[in-house]
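The first residue in the sequence is number 1, and the count goes up from there. Quick caveat: nothing in here was measured; it's all calculated off a predicted structure.
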Amino acid sequence: MMTDLCAAPLSLQTPQALQEWNAMVRAFLGHKAATPVHLAAVLTAEPDFAMGHAARGLFSLMMGKAELRAVAQDALRAAKAAGTGGPITPREQGWIDALDHWLGGSPTGAVAALETVLATTPQDTLTAKASHGLRFILGDAQGMRASVERVLPAHGADHPLRGYLLGCHAFSLEETGDYAGAEAAGLQGLVHAPDDAWGLHAVAHVHDMRADPDAGIALIEAYEGAWSGANNFRYHVWWHKALLHLDRGEYDIALALYDAQIRADKTDDYRDIANATSLLMRLQLDGIAVADRWEELAAICETRVEDGCLVFADLHYMMALAADGRSGAEAALTARSIRDARTRSDMGHRYADPGVAALGGLTAFAEGRYGVAFTLLAKARPKMQTIGGSHAQRDIFERMTIDAGLRSGHFDATENLLLDRLHLRAGHEDRFTSTRFDRLGRARRIPAQ
């Protein structure tokens with residue numbers, strides 16, 4: 001029985017296939033574009049490798065595109081056929097089970113299957129990263145942290161992939177409020193894995209939450225080697241840099257980064273769309289004109305209204321559609337989300353709450369119906385964690401809720417939201433917080449005058 005870089009067993013038969021598999025593992029952990037290339041090479045060398053097919057299916061579903069569901073279903077059929085054609089390891093069976101659960105509407109079941117694998121092979125960094133990514137999609141920050149901390153002892157100084165797991169630990173620490181621990185873990189991880197874009201970006205999150213843009217910008221510029229060779233994840237790091245410049249009031253730099261880096265490639269990846277839409281909306285909320293940039297995004301989002309893969313993706317699609325005034329597409333996306341909310345699936349529950357209310361709030365905001373927008377966005381707010389993403393990514397919805405409250409006169413409720421947002425940031429006041437407290441104070445004085 002062969003073992004891979006993770007010192008975990010797998011049923012590959014040839015050194016060539018194992019070499020490609022190990023290259024795939026490193027590429028996946030490092031967010032490299034070569035991940036599918038290496039995986040394809042593995043399956044070309046050994047077409048009956050069950051875990052390879054299961055990985056192809058899980059990776060396809062992580063892309064959040066409706067058309068890739070067929071790819072994942074084909075991968076599941078191939079994985080099951082391979083599994084019955086010869087002996088496979090429990091690890092491989094766990095990956096097949098995870099894919100089966102997700103295609104059945106239960107990504108939480110997929111997480112459970114991967115965690116079963118980790119219970120017996122805690123040194124398996126690949127499975128740990130996959131579980132981490134799925135929990136991220138589900139908004140399970142506490143679960144992310146607990147999962148990583150269960151397997152950390154099996155990733156000692158001699159583990160070749162220790163740095164990547166430390167990057168996952170850094171991100172989970174940041175998302176659960178341990179900013180000092182996150183910074184330390186992320187920087188330590190970069191010593192072991194200098195190309196860990198995820199760990200580097202986790203530390204950038206820390207500086208965002210601490211309202212320390214100078215340190216954040218310096219970090220990204222100092223560790224360019226960690227992310228410049230990444231796949232489209234590098235656009236997300238550029239996005240973080242743009243946010244840090246926004247916090248310094250450098251709107252021209254943020255727009256320049258949008259044009260030159262963040263939307264350098266006009267992709268339809270929902271994560272790239274999320275970067276772009278949330279940055280444009282932040283600029284607009286601060287009164288910065290963004291010209292016709294919404295049009296390019298809305299044209300792509302209009303083709304995605306029937307996807308229904310992730311609430312997180314749909315909210316960003318709606319942001320672009322509403323900003324560009326595509327009412328027909330807005331209505332279609334809303335109607336499909338209402339249908340999805342009636343399904344008994346993990347994502348169906350998320351469409352029911354908070355998805356439908358949040359979509360309505362975004363539409364109302366774009367139409368200038370700020371009272372309605374505030375009511376709907378505030379209704380969605382308690383469950384927004386469950387749509388996935390990070391605090392930084394979901395902050396755009398928090399900002400829109402606060403601005404809707406300011407514009408509609410819900411001053412006491414808006415003050416509470418600002419205080420909650422400040423508490424999440426451990427009392428560190430960023431530009432948005434300070435300007436909105438200032439606007440709130442001026443709005444309250446106007447009636448008295």
Between the side chains of [X] and [Y], does any donor sit under 3.5 Å from an acceptor?
X: Trp239; Y: Gln393; result: no
X: Asn22; Y: Asp4; result: no
X: His236; Y: Trp227; result: no

State plainly whether the residues [X] and [Y] are in salt-bridge range, i.e. N to O under 4.0 Å.
X: Glu296; Y: Lys266; value: no
X: Arg336; Y: Asp340; value: yes
X: Arg436; Y: Asp286; value: yes

Cation-aromatic face contact Arg399/Phe432, 6.0 Å, 45 degrees: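 That pair qualifies as a cation-pi contact.
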Within 45° cone of Phe411 ring axis and under 6.0 Å: Arg444 NZ or CZ: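 Arg444 over Phe411 ring: no.
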Gln19 atom CD: more than 12 heavy-atom contacts under 6.0 Å: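 Open: at most 12 neighbouring heavy atoms sit under 6.0 Å from CD of Gln19.
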Within the 6.0 Å centroid threshold, strictly below: His316 and Phe397: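 Ring centres of Phe397 and His316 closer than 6.0 Å.
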Ring centre gap for His201 and Phe233 strictly below 6.0 Å: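 That pair passes the under 6.0 Å test.
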Parallel, tilted or perpendicular: ring planes of Phe374 versus His410, cut at 30 and 60 degrees: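 Plane angle under 30°, so parallel.
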